[in-house]
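Numbers here are sequence positions counted from 1. Side-chain atoms are counted along with the backbone in the values below, which use heavy atoms only and exclude waters and symmetry mates.
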Amino acid sequence: MAVPVAVSVVRGLGVALTCVSFSLVASVGHSSSSYWAWCMFSWCFCCLLTLLILLLELSRLSQRLPISWNDFTSAFAMLAALMLLAASIIYPSVVFSCPACAHQVAASVMSCLAFLAYSVEVGLTWTRPGEISGFLSTVPGLLKVLEAFVACIIFICLDSGRVATFGGLQWCVAVYALCFSYSLIIIILTVGHLLNTCPCPLNQVLVGCNVLAAVMYATAVVVWPIYAFQNNPRPSSCHHCAWDGLLVVSFMTCVNLIAYILDTVYSVRLVFFITPS
């Protein structure tokens with residue numbers, strides 16, 4: 001099967017699976033939980049945007065858009081895979097605890113399958129043979145999407161009351177915000193065909209920013225747990241409370257540190273050790 005056809009088939013599966021997940025959960029009834037809202041938004045967003053991508057490609061309108069279409073679709077596939085991974089973990093573990101509830105169990109299974117479908121799409125667009133891929137189809141580009149997404153999860157889990165109390169936590173929030181802005185700017189410039197307008201040597205700038213981001217995140221990995229959990233044991237009555245959010249931030253900080261380190265290593269290798277043929 002040709003790669004473009006395979007990508008279209010996988011996207012069609014993604015639309016169907018996310019639609020089924022959304023419909024099954026909606027049929028159970030509304031919930032006031034913010035986690036429920038996040039899962040529903042993830043399924044609906046991925047379904048509708050994937051359907052729009054398919055329609056634009058079938059009508060060939062995608063060729064007339066003033067953006068890098070390959071970069072846009074690659075970034076979206078990566079984002080969708082991450083969103084559905086989060087929904088597939090959050091919904092069965094946080095939103096409901098009823099193993100016998102058939103609709104919820106089926107929705108969780110469909111969500112996991114949708115995550116696999118979008119992961120396959122990421123692999124297909126990343127390994128497209130014989131084509132010159134955009135930046136967001138490469139490992140550093142996909143890492144940029146991962147870094148931005150993880151930062152969003154961190155922002156959602158922040159405890160504003162505790163952050164306002166400790167300067168160390170405020171430094172960590174500044175790190176998260178600055179690095180998120182950097183990753184988001186790179187993604188926007190890439191999709192908008194504006195990356196090559198940079199008046200300075202772009203590859204060297206990216207390496208420098210990646211190194212700085214990795215160092216800043218390394219400080220956050222140390223500083224955040226010290227101030228977040230200092231004289232702050234987990235309450236005995238805690239059930240998905242603010243303390244759990246602090247723990248999620250600690251974990252996600254480590255994830256993003258690894259992502260920035262890999263991004264730095266890969267970028268340094270491309271810039272300084274691989275000679276263009």
Side-chain angles (χ1 to χ4, degrees), residues 31-46 75 78-96 115 142-188 209-264:
S31 172
S32 60
S33 169
S34 59
Y35 295 108
W36 179 89
W38 162 259
C39 295
M40 292 293 280
F41 169 77
S42 298
W43 295 321
C44 185
F45 173 76
C46 294
M78 182 67 175
L79 176 63
L82 292 170
M83 292 177 69
L84 292 172
L85 174 61
S88 299
I89 295 172
I90 292 172
Y91 185 72
S93 61
V94 177
V95 178
F96 83 97
F115 160 68
L142 295 176
L143 285 172
K144 284 285 173 286
V145 179
L146 172 63
E147 292 155 5
F149 177 80
V150 170
C152 289
I153 297 296
I154 289 174
F155 293 141
I156 292 172
C157 297
L158 289 175
D159 181 354
S160 58
R162 192 159 185 84
V163 168
T165 306
F166 298 99
L169 297 184
Q170 293 168 20
W171 159 255
C172 293
V173 173
V175 170
Y176 304 144
L178 288 172
C179 296
F180 169 75
S181 300
Y182 157 63
S183 296
L184 186 62
I185 288 172
I186 295 299
I187 292 171
I188 293 173
C209 291
N210 287 338
V211 171
L212 180 61
V215 171
M216 292 172 68
Y217 257 94
T219 65
V221 165
V222 176
V223 172
W224 178 268
I226 291 175
Y227 289 96
F229 303 114
Q230 185 179 27
N231 300 321
N232 183 31
R234 190 176 193 270
S236 57
S237 60
C238 177
H239 179 67
H240 308 307
C241 62
W243 193 94
D244 290 341
L246 298 176
L247 185 62
V248 171
V249 172
S250 297
F251 176 74
M252 288 301 177
T253 302
C254 295
V255 171
N256 245 5
L257 172 61
I258 295 171
Y260 277 107
I261 290 175
L262 291 175
D263 199 352
T264 301

Rounded to the nearest 0.5 Å, what separation is found between the CG atom of Leu146 and the CG atom of Leu79? 10.5 Å

The side chain to side chain contact (heavy atoms under 4.5 Å, CB included) partners of Leu85 (sequence neighbours excluded) come to Ile89, Phe115

Would you check, one step at a time, whether the test side-chain contact (heavy atoms from CB on, under 4.5 Å) holds for Cys179 with Asn256? CA-CA 10 Å; Cys179 296; Asn256 245 5; over 6 Å; no

Taking the side chain as every heavy atom from C-beta outward, state whether Thr253 and Cys172 have any pair of such atoms under 4.5 Å apart. no

Partner residues of Tyr35 under the ring-ring contact (aromatic ring centres under 6.0 Å, His included) criterion, sequence neighbours left out: none

Nearest heavy-atom contact between Ala228 and Leu169 is N-CD2, 3.8 Å

Closest approach of Thr165 and Gln170, non-hydrogen atoms and distance? N-NE2, 4.5 Å

What's the separation between atom CG in Leu143 and atom CD1 in Ile261, rounded to the nearest 0.5 Å? 11.5 Å

Measure the acute angle between the ring planes of Phe41 and Trp38, then classify it against the limits of 30° and 60° as parallel, tilted or perpendicular. tilted

Residues at least two apart in sequence or cross-chain that pass side chain to side chain contact (heavy atoms under 4.5 Å, CB included) with Phe229, listed by chain then number, are Pro225, Trp243, Leu246, Leu247, Ser250

Sorted by chain and number, sequence neighbours left out, side chain to side chain contact (heavy atoms under 4.5 Å, CB included) with Cys152 holds for Phe180

Start with the C-alpha gap between Leu212 and Tyr182, add the side-chain angles, then the distance that decides, and say whether side-chain contact (heavy atoms from CB on, under 4.5 Å) holds. CA-CA 11 Å; Leu212 180 61; Tyr182 157 63; over 6 Å; no

Quick check: closest heavy atoms across Ala87 and Pro92, and the distance to 0.1 Å? O-CD, 3.9 Å

Do any pairs count as a salt bridge (charged side-chain N to carboxylate O under 4.0 Å, His left out) and have a residue in residues 236-245, sequence neighbours left out, and if so which ones? Arg234-Asp244

Between NZ on residue Lys144 and OH on residue Tyr260, distance to nearest 0.5 Å: 6.5 Å

Looking at residues at least two apart in the chain, or sitting in another chain, which of them share a side chain to side chain contact (heavy atoms under 4.5 Å, CB included) with Ile226? Val222

Phe155 atom CZ: more than 12 heavy-atom contacts under 6.0 Å: yes

Smallest heavy-atom separation, Ser183 atom then Glu147 atom, equals OG-OE1, 3.2 Å

Is it true that atom OH of Tyr227 has more than 12 heavy atoms of other residues, nucleotides or ligands lying nearer than 6.0 Å? no

For the student: nearest non-hydrogen atoms of Val145 and Ala75, plus distance: CG1-O, 3.8 Å

